[in-house]
Amino acid sequence: MRVEGRTWWKEGIVYQVWPRSFKDADGDGVGDLKGVISKLDYIKSLGVDIIWFNPIFKSPNDDMGYDVSDYQAILPEFGTMEDFDELLAKAHGMGLKVVLDLVANHSSDEHPWFLESKQSRDNPKSDWYIWRDKPNNWGAWFGGSAWEYVPARNQYYLHCFSKKQPDLNWENPEVRKAIYGVMRFWGDKGVDGFRFDAVTHYSKDLSFPDTPPDSTGYGFPAALNGPHEHLYLKEMYRQVIRHYDWMTVGEGGGSTPESTWDYVDPRRKELDMVFVGPHTAVGRPRYGNGYDLSGFDLPAFKAIIDLWQRGMEHHGWMGWYLENHDQVRSVSRWGNDGIYWKESGKMLATLLLFLRGTPYIYMGEELGMTNYPFSFAGEVRDLETMNDMKVLAERGYAPERMWNIIRQTSRDNNRTPMQWTNGKHAGFSTASPWIGVNPRYKEINAEEEEKDPDSILWYYRHLIRVRKAHHCAIYGSFHLLAPKDEQVFAFTRNDGDEELLVVLNFTGVHARFSIPERFRKAERIAGNYTDTPSGLLHAYEAYVLARKQ
Ligand code: GLC
């Protein structure tokens with residue numbers, strides 16, 4: 001039974017594992033489930049509670065597992081169903097929950113459902129995907145038109161992402177039933193919930209209006225938050241979710257606060273939380289394809305986090321991340337991965353662990369892993385990056401300018417192998433990995449950081465313990481201080497019993513911040529410098545003060 005208020009998924013901390021790059025146990029250069037099993041002790045040692053796995057299902061891997069060809073089979077490169085059962089049992093035995101990625105807006109074009117659907121207009125699955133006689137002007141997220149022609153039907157099918165990811169037709173009750181069946185299959189095995197990929201796309205505007213690209217970068221707002229979206233989620237809740245003690249988190253891409261709260265308002269009984277990553281778009285608009293790297297604007301970054309933090313207090317819960325498999329390394333983006341690598345890595349950790357909402361740590365973030373120095377096409381594996389390269393070349397970008405953008409934006413930055421040791425292939429595999437190892441593995445790796453009590457890794461462990469020991473860090477309200485300050489991100493949290501002050505210098509130079517009088521005698525519970533917090537902050541300094549009320 002679900003109780004409103006305190007829950008395990010609000011108090012828990014999520015560790016995200018992108019299985020292809022976590023740990024390779026069978027020596028083929030690709031991470032696998034047995035590799036994860038061998039590293040469960042490490043995950044547990046961080047103090048996290050929940051592991052979210054990116055897709056582990058059978059897939060031709062056009063979009064690295066986000067194109068599923070069998071929802072009830074494990075990708076052979078990752079292992080077998082027995083491996084999964086063992087992983088789940090061992091994780092549970094250690095008190096770790098396991099959350100899977102449900103990719104249900106679309107399947108692979110190699111899924112038997114689609115293979116049947118595309119054969120004719122009158123086969124039993126003809127209506128399982130979205131077919132039209134004429135395309136409209138919607139663009140696909142990974143480039144080109146969102147419609148692909150199939151001669152056998154003399155029709156086009158919709159694909160919001162790549163053409164190998166046809167959108168399922170959620171209007172069709174049989175499709176919904178099939179997806180609910182998939183959820184029950186994993187639920188009955190004992191998984192602890194799902195991350196719902198591209199959930200805001202389930203329902204589309206059925207009039208399929210032509211649409212101009214909007215400012216979020218989605219060229220097709222009518223393909224989001226359609227008229228039946230909440231009908232489906234409520235149905236899913238009634239038929240499946242309520243029967244399990246799950247954590248459900250939606251990927252709320254392209255959403256505004258107004259359209260998001262309806263997904264997570266507990267009274268509506270849809271999803272537990274969403275993550276939207278509004279802060280990751282600051283200074284990095286992606287209009288269709290290509291990027292405008294307009295620089296980082298701290299006041300804008302703070303304002304957007306503040307907006308969602310305050311919204312949560314009235315409407316529901318959220319997850320927060322600084323990194324994931326679709327982003328770049330946070331220390332390279334918002335910190336300084338050169339001389340202040342360690343300080344800024346810890347500063348960002350302090351932000352993540354003291355926001356209101358469930359924190360999501362992406363594998364390697366706890367080591368301060370950095371972006372990769374991409375410089376030629378043979379190093380790139382991600383289809384989004386390949387498309388961006390094509391578009392930028394078409395727009396006449398000189399190669400060095402293009403690589404500068406790719407190095408700062410490519411999703412492949414976060415998909416390089418986990419850096420375990422300073423040995424061969426960073427201890428990830430005995431074979432040459434499927435994607436290059438970041439050359440900084442010699443200095444940045446788990447083994448080295450394990451030995452150094454001052455490492456980013458140990459700082460994460462400390463912060464995780466501190467967060468858990470302070471109810472206020474989880475549930476306290478959020479109040480932004482000094483919104484216009486261009487160097488310092490400072491805020492308080494307050495749960496009525498305790499008040500926390502979090503102060504973060506986002507720059508590599510000294511900054512001033514006047515500690516409010518009531519915190520002058522407060523206890524310092526975390527920080528990345530050892531001296532007493534003062535009004536003069538060191539480069540990338542972070543500290544947290546706590547006072548009882
Ligand atoms: C989500 C995933 C991303 C994937 C896309 C299409 O945004 O996070 O990796 O490419 O959905 O499934």
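When a ligand or atom number is given, it counts from 1 through the structure's own listing order. Only heavy atoms go into these numbers, but all of them, side chains included; no hydrogens, no water, no symmetry mates. All residue numbers in this chain count up from 1 along the given sequence.
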Taking [X] for the side chain and [Y] for the main chain, is one N or O donor matched with an acceptor at less than 3.5 Å?
X: R407; Y: S375; result: no
X: H279; Y: Y321; result: yes
X: N445; Y: Q419; result: no
X: D412; Y: R381; result: yes

Closer than 4.0 Å to some heavy atom of [X] - which atoms of ligand 1 meet that?
X: H106; answer: 6 (C), 12 (O)
X: H325; answer: 2 (C), 3 (C), 8 (O), 9 (O)
X: Q165; answer: 6 (C), 12 (O)
X: D63; answer: 4 (C), 5 (C), 6 (C), 10 (O), 12 (O)
X: R411; answer: 3 (C), 4 (C), 9 (O), 10 (O)

- Ring centres of F208 and W138 under 6.0 Å apart? yes
- Message: Below a 4.0 angstrom heavy-atom separation, can you tell me which part of R195, side chain or backbone, both or neither, approaches ligand 1?
- Response: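 The side chain, only.
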Tell me, please: is [X] in heavy-atom contact with ligand 1, that is, under 4.0 Å?
X: F142; result: yes
X: E384; result: no
X: M64; result: no
X: H201; result: no

- Message: Measuring from atom 9 (O) of ligand 1, which candidate in D101, D62, D326 has the nearest non-hydrogen atom?
- Response: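 Looking at heavy atoms only, D326 sits closest to atom 9 (O) of ligand 1.
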Determine whether more than 12 heavy atoms belonging to other residues, nucleotides or ligands lie under 6.0 Å from atom [atom1] of [X].
X: K118; atom1: NZ; value: no
X: K39; atom1: NZ; value: yes
X: K163; atom1: NZ; value: no

